[in-house]
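First up is the structure itself, then whatever we jot down about it.
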Amino acid sequence: MPIVVSRTADTGTLYATLAAQQDNAVLAIAAQEGGATALLKGSEQYTLFAPTDAAFKKLDDATIRALATRTEVVQRLVRCHLVPGKYTVADLRKRTGERLKTVHGVGLKIEERKDGLYVGGAKVVTADLGCSNGVIHTLDAVLPVPKE
C-alpha cells in the first residue's frame, strides 16, 4: 500500500495540525494533558512521527495506564517521536539505512522496504503533513519509549 502524501497550507503548528487530524486524537490529547505541547507549538523546525489512534489501541493495558496517569511518560513518548529538523518523505528516502536522533536521544532507523517506508520499525502511513514549524508523518505503530 503506497504512502498517502498530504499537502496542507503549512500554516498551523505541529500541535494545531496534529489536533486537527481525525486519526491522531489520542496523541494530541495525551500531549495536551501531559503538558508536552510546548515543543509542538514552538518556532523550531521538527519532524513528528505521530502514531495513529489505531496504533495506540495495540498497546498493552499497563502502557495505556502509564500514559493516562503519568505526565513524564507522555513527555518521553512525545520526545521519542520528535526529531529536530524538517524531513519530508523524499528527505527520509535519501537517508535509508541511517538513524535519525530524536529529541529524547533515541535513534530511529530509516528503512525502505517492498511495502513502504519505515521509521524505527513502524510503517509511514501518511506523509508530509506540512506545518509552520515542521512536518508530520503518521505511523502504524507507537515507537518504543525508554523507561527513563
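We use all heavy atoms of the structure for the numbers below, so side chains are in, but hydrogens, waters and symmetry mates are not.
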Subject >> 4.5 Å side-chain heavy-atom contact, Leu82 and Leu40 >> reply: yes
Original post:
What's the spacing between Leu67 CG and Arg65 CZ if we round to 0.5 Å?
Top reply: 11.0 Å
Subject >> Heavy-atom side-chain contact between Leu48 and Leu129 under 4.5 Å >> reply: no
Subject >> Proximity of His81 and Phe49 rings by center, below 6.0 Å >> reply: no
Subject >> Close side-chain approach of Phe56 to Ile64, heavy-atom, < 4.5 Å >> reply: no
Subject >> Close side-chain approach of Leu27 and Pro51, heavy atoms under 4.5 Å >> reply: yes
Original post:
How about Glu72: does its CD atom have over 12 heavy atoms from other parts shown lying under 6.0 Å from it?
Top reply: yes
**OP:** To the nearest 0.5 Å, tell me how far Arg99 CZ sits from Glu111 CD.
**Re:** 8.5 Å
Original post:
Tell me, do Thr13 and Ser132 make a side-chain contact under 4.5 Å, heavy atoms counted?
Top reply: yes
Subject >> Heavy-atom pair of closest approach, residues Leu139 and Val125 >> reply: C-CG2, 3.9 Å
**OP:** Could you tell me which residues satisfy ring-ring contact (aromatic ring centres under 6.0 Å, His included) with Tyr87, sequence neighbours excluded, listed by chain and number?
**Re:** none
Subject >> Check: Arg76 side chain, Pro146 main-chain N or O, donor-acceptor pair, under 3.5 Å >> reply: yes
Original post:
Got Cys80 and Leu143 here, is their nearest side-chain heavy-atom distance under 4.5 Å?
Top reply: no
Original post:
Would you say the side chain of His137 lies within less than 4.5 Å of the side chain of Asp128, judging by non-hydrogen atoms?
Top reply: yes
**OP:** Mind checking the CD-CD1 spacing from Glu98 to Ile110? Nearest 0.5 Å is all I need.
**Re:** 8.5 Å
Original post:
Quick one: do Tyr118 and Val89 end up in the same hydrophobic cluster if we chain Ile, Leu, Val, Met, Phe, Trp and Tyr together by side-chain heavy atoms under 4.5 Å apart?
Top reply: no
Original post:
In Å and rounded to the nearest 0.5 Å, what is the CD1 to OG1 distance from Ile136 to Thr138?
Top reply: 9.0 Å
**OP:** Look at atom NZ of Lys109 and say whether more than 12 heavy atoms of other residues, nucleotides or ligands are closer to it than 6.0 Å.
**Re:** no
Original post:
Can you name the nearest heavy-atom pair linking Asp140 to Lys58, along with the distance?
Top reply: O-NZ, 3.0 Å
**OP:** Report yes or no: do Tyr46 and Val135 belong to one cluster of Ile/Leu/Val/Met/Phe/Trp/Tyr joined by side chain heavy-atom distances under 4.5 Å?
**Re:** no
**OP:** Of all the heavy-atom pairs spanning Tyr15 and Ala31, show the shortest one and how long it is.
**Re:** CE1-CB, 4.4 Å
Original post:
Would Thr17 and Asn24 count as a side chain to side chain contact (heavy atoms under 4.5 Å, CB included) if you check the C-alpha gap in whole Å, the side-chain angles of each, and the deciding distance to 0.1 Å?
Top reply: CA-CA 10 Å; Thr17 304; Asn24 292 110; over 6 Å; no
Subject >> Closest approach of Leu14 to Asn133 (non-hydrogen atoms, all atoms of both residues) >> reply: N-OD1, 2.7 Å
Original post:
What closest approach, in Å, do Val74 and Gly34 show between heavy atoms, and which atom pair accounts for it?
Top reply: CG1-CA, 4.0 Å
Original post:
To the nearest 0.5 Å, what is the distance between OG1 (Thr126) and CD (Gln21)?
Top reply: 8.0 Å
Original post:
With a 4.5 Å limit on heavy-atom distance, are the side chains of Leu100 and Leu92 in contact?
Top reply: yes
Subject >> Nearest-0.5 Å distance, CD1 of residue Ile29 to CG of residue Asp53 >> reply: 8.0 Å
Subject >> Under 3.5 Å: donor-acceptor pair, side chain of Gln45, backbone of Gly85 >> reply: no
Subject >> Heavy-atom pair with the smallest gap, counting every atom of Ala54 and Asp23 >> reply: N-OD1, 4.4 Å
